[in-house]
Amino acid sequence: MSYENILAEKLEGGVGLVRLNRPKALNALNADLMRELVEALMLFDADPEVGCLVITGNEKAFAAGADIKEMETATTVEMLYNDRISLWDRIHDLKKPVIASVSGVALGGGCELAMACDMIIAADNARFGQPEINLGVIPGAGGTQRLTRAVGKALAMEMVLNNRWLTAEEAYRFGLVNRVYAPEVVFDETLRIAREIAARAPVAIRIAKESVNATYDMFLGDGIRFERRNFYFLFSTEDQKEGMNAFVNKRDPKWQGK
Ligand code: DAK
C-alpha cells in the first residue's frame with residue numbers, strides 16, 4: 001500500500017511501523033494524513049503477523065499538531081460533520097499495543113496522538129506541549145483529559161492555560177513518557193521494546209491492554225471486577241497452558257495466540 005503523507009512498513013519481529021511523513025510542515029496532521037495513518041494502523045491491527053505497532057516522525061518533529069492551515073476557516077458545523085473525530089476514535093480502539101517513538105516537537109494534536117498510544121519512548125530532544133490556547137481554542141483530541149491523568153492537574157493546567165512545554169526529561173519525571181534516549185538510538189530502542197512485546201502471548205497482550213485502558217472508563221471496583229473476569233478468561237487459552245507448563249518445565253514458551 002502506498003501513501004502520500006506517511007510511510008508504512010512491516011518490519012521483522014512482528015512490528016508494524018508508521019512514519020508520519022510531511023517533514024516540510026513538521027508533520028502537521030491534515031485530514032489526508034490522518035486518514036492514511038488510521039488506515040495503515042487498522043491494517044496492521046488486523047494482520048496476524050504483526051504484534052505491536054509503532055508510530056514515529058522525524059528527528060525534528062513527531063507532529064506539530066493538527067494542520068492549522070486546514071482548520072483556519074472551518075466552521076463549527078464543518079468541524080462537527082467531518083470525520084476527524086471518528087478517525088481519532090479508531091486510534092483509541094486499536095486492539096494491539098501502539099508505541100509512539102517521539103523526537104522533536106509533539107504539540108497539540110501531535111502530543112494527543114502520542115498520548116493516545118500505549119507507551120511513549122522519547123528522544124532527549126523531544127518537547128511536549130498543548131499550545132492550542134495561542135490559537136484561541138483548546139485541545140480537542142483528549143489533551144485536557146489524558147494529559148491531566150498522566151501529569152496531574154497542576155502541570156496540565158499550566159500546559160493548557162499557559163502553553164508550558166515539557167522537555168523529555170520532565171515528561172519522564174511526570175509520568176507522561178516511559179523512557180528517554182539519545183536521538184541517535186531512540187528509534188532502535190523503540191523497535192527493541194516493540195519486538196519484545198510482539199513476541200509475547202498475543203491474547204494476553206490484547207486483554208492486558210484492554211484492562212489497563214479500562215481504568216479511564218471505570219470506577220475502581222468495576223475495573224477490578226473487569227480485570228478479574230479477564231484473568232479467568234485467559235485460562236481458556238492454549239497460551240495460558242503453554243506459559244505455565246513452560247515455566248514448570250524450565251523451557252521457553254511457544255505462543256500460539258489461541
Ligand atoms: N499546522 C500547519 N502547518 C504547520 C504547523 C501546524 N500545526 N506547524 C508547523 N507548520 C508549518 C509552518 O507553517 C511552516 O510552513 P511554511 O511556512 O514553511 O510553509 C513549517 O511547518 C515550519 O514551521 P516553522 O517555520 O514555524 O518552524 P519553527 O521551527 O520556526 O517553529 C514550531 C516550530 C513547532 C514551534 C511552530 O511551527 C509552531 O508553533 N507550530 C504550531 C504548533 C501548534 O500550535 N500546534 C497546535 C495546533 S492545533 C481534533 C483533534 C485534534 C486537534 C483538533 C481537533 N478533533 C478530533 C476535532 C488538534 C489541534 C491542534 O493541534
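Ligands are counted one by one from 1 in listed order, and the atoms in each one are counted from 1 as well.
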Got a donor-acceptor contact below 3.5 angstrom from the [X] side chain to the [Y] backbone?
X: Asp118; Y: Ile99; result: no
X: Arg195; Y: Leu11; result: no
X: Lys96; Y: Asp47; result: yes
X: Thr56; Y: Ser101; result: yes

Considering all heavy atoms, the nearest Ala141-Glu112 contact: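 Here Ala141 and Glu112 meet closest at N-OE2, 2.8 Å.
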Residues Arg251 and Asn245: side-chain donor-acceptor under 3.5 angstrom: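 Their side chains do contain a donor-acceptor pair, which is all the 3.5 Å distance test asks for.
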Roughly how far, to the nearest 0.5 Å, is [atom2] of [Y] from [atom1] of [X]?
X: Thr167; Y: Glu170; atom1: OG1; atom2: CD; answer: 3.5 Å
X: Asp239; Y: Arg200; atom1: CG; atom2: CZ; answer: 13.0 Å
X: Ile207; Y: Phe231; atom1: CD1; atom2: CZ; answer: 13.0 Å

Give me the residue, atom name and distance of the protein heavy atom closest to [atom].
atom: atom 10 (N) of ligand 1; answer: Ala25 O, 3.7 Å
atom: atom 32 (C) of ligand 1; answer: Leu26 CD1, 4.2 Å
atom: atom 56 (C) of ligand 1; answer: Trp88 CD1, 3.3 Å
atom: atom 55 (N) of ligand 1; answer: Gly140 O, 3.7 Å
atom: atom 57 (C) of ligand 1; answer: Ile85 CG1, 3.7 Å
atom: atom 5 (C) of ligand 1; answer: Ala28 CB, 4.0 Å

Six-ring centre of Phe187, Arg192 cation under 6.0 angstrom, axis tolerance 45°: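 Geometry flag: not set, cation outside 6.0 Å or 45°.
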Under the 4.0 Å line, does any protein heavy atom show up next to [atom]?
atom: atom 38 (C) of ligand 1; value: no
atom: atom 25 (O) of ligand 1; value: no
atom: atom 19 (O) of ligand 1; value: yes
atom: atom 34 (C) of ligand 1; value: yes
atom: atom 44 (O) of ligand 1; value: yes
atom: atom 48 (S) of ligand 1; value: yes

Salt-bridge present (Arg225, Asp222; N to O < 4.0 Å):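 Between Asp222 and Arg225 there is a salt bridge, with a charged N closer than 4.0 Å to a carboxylate O.
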Side-chain ion pair, Glu49 and Lys10, N-O less than 4.0 Å: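 Here Glu49 pairs with Lys10 in a salt bridge, since their nearest N and O are under 4.0 Å apart.
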Proximal ligand 1 atoms for [X], defined as those under 4.0 Å from one of its heavy atoms:
X: Gly109; result: 58 (C), 60 (C), 61 (O)
X: Ala141; result: 50 (C), 51 (C)
X: Lys24; result: 20 (C), 21 (O), 22 (C)
X: Pro131; result: 43 (C), 44 (O), 45 (N), 46 (C)

Heavy-atom gap Leu135 to ligand 1 smaller than 4.0 Å: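 In this structure, Leu135 qualifies as a contact of ligand 1 - some heavy atom is under 4.0 Å.
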Minimum non-hydrogen distance to atom 1 (N) of ligand 1, winning option of Leu80, Asn30, Ile68: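 Comparing heavy atoms across Leu80, Asn30, Ile68, the nearest one to atom 1 (N) of ligand 1 lies in Ile68.
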Per-residue contact class, Lys60 against ligand 1 - non-hydrogen pairs under 4.0 Å: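 Only the side chain of Lys60 comes within reach of ligand 1.
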Part of Ala66 within contact of ligand 1 (heavy atoms, under 4.0 Å):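 Within the 4.0 Å criterion, Ala66 contacts ligand 1 through backbone and side-chain atoms alike.
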Within-cut-off N or O pair, [X] and ligand 1, under 3.5 Å:
X: Ala64; answer: yes
X: Lys69; answer: yes
X: Gly110; answer: no

Contact check, side chains of Arg164 and Leu155, non-hydrogen atoms, under 4.5 Å: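 Contact flag for Arg164/Leu155 side chains = yes.
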Leu147 side chain reached by Gln130 side chain, heavy atoms, under 4.5 Å: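 Contact flag for Gln130/Leu147 side chains = yes.
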